[in-house]
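The structure appears below as structure tokens.
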Amino acid sequence: MKNILVAVDRKNDADLLISHAVNIAKLTNAKIWIIHVTVADPDDFLAREAGPQYVYEKRAEDRKKEKATIEKWAEDVAKDHNIEVEGRIIEGSVIKSIKKLVDECNIDLVVAGHKKKNLVYGLFTSNKKKDLIDELQIPLLAVPLG
């Protein structure tokens with residue numbers, strides 16, 4: 001195993017997900033890729049939807065903060081654990097974006113969080129974890145989140 005991708009959705013869950021990846025990376029001498037998938041860059045003219053300017057400015061500011069956070073996590077992990085780490089913000093749909101990075105970077109394992117939903121919720125929503133497993137064709141470590 002040479003490349004582990006950590007898909008972070010919420011800041012609160014990042015430490016837990018990253019710690020699992022670090023433990024595996026130490027055993028296998030793997031590189032860790034910490035990513036967050038976000039909506040298309042609001043600075044891109046083609047990505048703009050109808051709406052007031054402050055919406056675009058807010059999205060751009062949020063994206064800059066997310067990027068800085070991911071980069072900081074990557075720096076901290078590299079420094080604290082002597083592991084090769086890269087942090088990225090990726091634009092687009094979650095499954096397609098992760099699939100693209102898995103293919104481009106020869107990812108061997110994806111680490112992602114999993115929240116338990118109730119049965120009724122599951123009946124009316126798509127199962128993104130199942131879709132992700134079906135698309136990737138590589139192991140997915142689904143870490144239970146509180």
Side-chain angles (χ1 to χ4, degrees), residues 1-44 46-49 55-146:
M1 185 169 307
K2 294 296 175 192
N3 291 291
I4 301 170
L5 185 145
V6 180
V8 177
D9 186 29
R10 297 175 349 138
K11 288 180 185 180
N12 297 346
D13 305 326
D15 289 338
L16 179 61
L17 297 173
I18 292 169
S19 70
H20 281 284
V22 165
N23 290 336
I24 296 168
K26 285 180 178 179
L27 294 172
T28 62
N29 198 28
K31 177 178 180 178
I32 297 176
W33 302 77
I34 303 172
I35 67 150
H36 174 70
V37 180
T38 186
V39 296
D41 189 348
D43 295 331
D44 181 355
L46 298 175
R48 292 191 174 210
E49 303 166 359
V55 171
Y56 308 123
E57 292 168 0
K58 172 84 169 98
R59 283 186 191 168
E61 184 62 30
D62 289 348
R63 189 163 180 269
K64 287 177 188 173
K65 287 179 185 176
E66 291 168 347
K67 184 175 188 231
T69 299
I70 295 288
E71 289 172 351
K72 175 81 167 103
W73 288 333
E75 288 174 17
D76 290 348
V77 170
K79 184 176 109 183
D80 295 344
H81 301 284
N82 196 27
I83 295 173
E84 187 178 359
V85 184
E86 186 170 330
R88 288 190 184 179
I89 295 287
I90 301 173
E91 300 173 15
S93 73
V94 174
I95 294 172
K96 287 180 182 177
S97 298
I98 291 175
K99 172 70 172 149
K100 182 178 178 185
L101 190 60
V102 163
D103 293 340
E104 288 176 359
C105 300
N106 298 315
I107 300 296
D108 301 300
L109 173 70
V110 173
V111 178
H114 172 71
K115 282 203 170 223
K116 185 177 179 181
K117 305 284 191 232
N118 67 34
L119 177 63
V120 176
Y121 179 85
L123 293 173
F124 296 102
T125 61
S126 66
N127 185 340
K128 288 186 179 179
K129 292 292 180 295
K130 182 186 177 312
D131 293 344
L132 189 58
I133 292 169
D134 292 344
E135 280 291 316
L136 295 180
Q137 302 294 310
I138 63 168
L140 170 68
L141 175 60
V143 178
L145 303 173

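The analysis underlying the following values was restricted to heavy atoms, covering all of them including side chains, and did not include hydrogens, waters or symmetry mates.
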- Task: Over all heavy atoms of both residues, which pair between A21 and V6 is shortest? Give the atoms and the distance, please.
- Result: CB-CG2, 3.3 Å

- Message: As a test of understanding, state which of V102, I107, D103 forms a side chain to side chain contact (heavy atoms under 4.5 Å, CB included) with C105.
- Response: I107

- Message: I'd like to check the side chain to side chain contact (heavy atoms under 4.5 Å, CB included) partners of K67; sequence neighbours left out, ordered by chain and number.
- Response: E71, I89

- Task: Report yes or no: does N3 contribute a side-chain atom to a donor-acceptor pair with the main-chain N or O of D108 at less than 3.5 Å?
- Result: no

- Identify, with sequence neighbours excluded, every residue that meets side chain to side chain donor-acceptor pair (under 3.5 Å) alongside N106. none

- salt bridge (charged side-chain N to carboxylate O under 4.0 Å, His left out) against K58, all qualifying residues, sequence neighbours excluded: D62

- When rounded to the nearest 0.5 angstrom, what is the spacing between CG in N23 and CD1 in I18? 12.0 Å

- Query: Quick one: salt bridge (charged side-chain N to carboxylate O under 4.0 Å, His left out) partners of K11, sequence neighbours excluded?
  - Reply: none

- Task: Search all heavy atoms of L17 against all heavy atoms of A7 and return the closest pair with its distance.
- Result: CD1-O, 3.6 Å

Please tabulate, for the side chains in residues 139-146, all donor-acceptor contacts under 3.5 angstrom to protein atoms that are two or more places apart in sequence or on a different chain.
none

- Item | Set of residues satisfying side chain to side chain donor-acceptor pair (under 3.5 Å) with respect to D13, sequence neighbours excluded | R10

- salt bridge (charged side-chain N to carboxylate O under 4.0 Å, His left out) involving D15 - partner list, sequence neighbours excluded: none

- Identify the heavy atoms of L109 and I138 that sit nearest to each other, and give their distance. N-CD1, 4.0 Å

- Spatial distance of atom CD1 (I90) from atom CG (L101) [nearest 0.5 Å]: 4.5 Å

- Query: Roughly how far apart are K99 NZ and K96 NZ, rounded to 0.5 Å?
  - Reply: 13.0 Å

Can you list, pair by pair, the side-chain donor-acceptor contacts under 3.5 Å of residues 74-87, counting residues two or more places apart and other chains?
{"unit_1": "D76", "atom_1": "OD1", "unit_2": "K72", "atom_2": "NZ", "d": "2.9"}
{"unit_1": "D76", "atom_1": "OD2", "unit_2": "K72", "atom_2": "NZ", "d": "3.2"}
{"unit_1": "H81", "atom_1": "ND1", "unit_2": "K26", "atom_2": "NZ", "d": "3.2"}
{"unit_1": "E86", "atom_1": "OE1", "unit_2": "K31", "atom_2": "NZ", "d": "3.1"}
{"unit_1": "E86", "atom_1": "OE2", "unit_2": "R88", "atom_2": "NE", "d": "2.8"}
{"unit_1": "E86", "atom_1": "OE2", "unit_2": "R88", "atom_2": "NH2", "d": "3.1"}

- Pair V8-W73, side-chain contact (heavy atoms from CB on, under 4.5 Å): steps then yes or no: CA-CA 11 Å; V8 177; W73 288 333; 3.7 Å; yes

